[in-house]
Amino acid sequence: MNVPASSRRRALAIIDVQKEFVASNSSGPVANIKKLIASVPYNLYVEALFSAEPGSLWDRQTGWSLPHTQEINTIKGVASTLENRRVFQIQKHTKSAFKGDPNLLSILRAHRIDELHLVGFDLNDCVMASAFDSFDHGIFTYVIEECCGASRGTDLRTQAINLLRYLNLTNNSIYEPIPVITV
């Protein structure tokens, strides 16, 4: 995988890499996330964790909930690669990590982050929403395609990649002339 290697201060956002979203066929993205964390240094790491209570909009409109419990965590295989790194944890009840608690934009600005790389689940949902918000906040944004999965099949993932590539928001659609690191 090619990873943008600009000279900007950058962060890695790990979106919803929770057992509830990591399907049995998602070993590729999870292995690639671990490889990325081990191989590419970031100034900051962010774990975004999703929950939706019964009775929430998620439950009422989609028929789906994931109550917040002590077990709402990034899966152990990925979480262990983050040990001894500067990690901020965002709790969210929305699609975008930018609408969680604590406020992701404030964290990125406080650490002078100009570029955000996004990985996780679901590419066609929460990762994409976070990418759009990141770009709209004026942050160079790259979704690392090989590190993103979909909990419900590959069709939506493929469509999401096509859209994000069209918008030059992935590591495989870089418009600006910057180097890449091959991992």
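These values consider heavy atoms only, across backbone and side chains, with no hydrogens, waters or symmetry-generated copies.
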*Begin from the C-alpha positions of V78 and K76 and carry the test side-chain contact (heavy atoms from CB on, under 4.5 Å) through to its verdict.*
CA-CA 5 Å; V78 172; K76 289 182 184 183; over 6 Å; no

_Run the side-chain contact (heavy atoms from CB on, under 4.5 Å) test on I37 and R85 for me, step by step, so that the C-alpha distance in whole Å, both residues' side-chain angles and the decisive distance to 0.1 Å come before the verdict._
CA-CA 10 Å; I37 293 168; R85 289 180 168 80; 3.8 Å; yes

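- Here the straight-line distance linking atom CD1 of I72 with atom CD of Q18 works out to 5.5 Å at 0.5 Å rounding.
- Taking a 6.0 Å sphere around CZ of F135, one finds it holds 12 or fewer heavy atoms contributed by other residues, nucleotides or ligands.
- In this structure the side chain of L82 reaches within 4.5 angstrom of the side chain of I14, judged on heavy atoms.
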*Output, in order, the C-alpha distance, side-chain angles, deciding distance and verdict of side-chain contact (heavy atoms from CB on, under 4.5 Å) for V127 and V143.*
CA-CA 8 Å; V127 174; V143 172; 4.1 Å; yes

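- Here the CD1-CD distance, from I90 to E47, works out to 10.0 Å after rounding to the nearest 0.5 Å.
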*What's the verdict on side-chain contact (heavy atoms from CB on, under 4.5 Å) for L104 and L108, showing C-alpha distance, side-chain angles and the deciding distance?*
CA-CA 6 Å; L104 178 55; L108 296 177; 3.9 Å; yes

*asked:* Show, in sequence, the C-alpha distance, side-chain angles and deciding distance for N172 and E145, and conclude whether the side chain to side chain donor-acceptor pair (under 3.5 Å) test is met.
replied: CA-CA 7 Å; N172 293 316; E145 293 179 22; 3.1 Å; yes

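- You'll find the side chain of V22 reaches within 4.5 Å of the side chain of V30, heavy atoms only.
- With values rounded to the nearest 0.5 angstrom, I161 atom CD1 is found 7.5 Å from C148 atom SG.
- With hydrogens and angles disregarded, no donor-acceptor distance shorter than 3.5 Å links the side chain of T81 to the backbone of A79.
- In this structure, the side chain of D133 does not engage the main chain of F98 through any donor-acceptor pair within 3.5 Å.
- Counting heavy atoms from C-beta outward, V183 and V40 have side chains that approach closer than 4.5 Å.
- Each of I75 and V46 belongs to its own hydrophobic cluster when Ile, Leu, Val, Met, Phe, Trp and Tyr are linked at side-chain heavy-atom distances under 4.5 angstrom.
- Taking the centre of each ring, Y45 and Y42 come in below the 6.0 Å mark.
- The shortest heavy-atom contact between R9 and R112 is CB-O, 3.3 Å.
- Between I144 and N171 the shortest heavy-atom distance is CA-OD1, 3.4 Å.
- H117 and P4 make their closest contact through CE1-O, 3.5 Å (heavy atoms, listed as atom of the first residue, atom of the second, distance).
- For the atom pair CG of D59 and CG of L66, the computed distance is 11.5 Å after rounding to the nearest 0.5 Å.
- Side-chain atoms of W58 and F50, non-hydrogen and from C-beta on, do get closer than 4.5 Å to each other.
- In plain terms, the two heavy atoms of S96 and S130 that are nearest each other are CA-OG, 3.5 Å.
- Taking every heavy atom of both residues into account, Y142 and I178 meet most closely at OH-CD1, 4.0 Å.
- The pair R157-D122 does not meet the salt-bridge criterion, since no charged nitrogen lies less than 4.0 angstrom from a carboxylate oxygen.
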*asked:* salt bridge (Lys or Arg N to Asp or Glu O under 4.0 Å) for D125 and K95? Distances and angles first, verdict last.
replied: CA-CA 7 Å; D125 198 350; K95 294 177 181 284; 2.6 Å; yes

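- Donor-acceptor pairing under 3.5 Å is lacking for the side chains of E146 and N2.
- In this structure, the separation between OG1 on T74 and CD on Q89 is 6.5 Å, given to the nearest 0.5 Å.
- When all heavy atoms of N168 and S173 are compared, the pair lying nearest together is OD1-O, 3.0 Å.
- Within the model, atoms CD of E115 and OG of S7 stand 9.0 Å from one another, a figure rounded to the nearest 0.5 Å.
- With no hydrogens or angles considered, no side-chain donor-acceptor pair links H93 and S56 at under 3.5 Å.
- Few gaps surround CD on E176; more than 12 heavy atoms of other groups in view lie less than 6.0 Å from it.
- A cation-pi geometry, defined here as NZ or CZ lying under 6.0 Å from the six-membered ring centre and within 45° of its normal, holds between R8 and F140.
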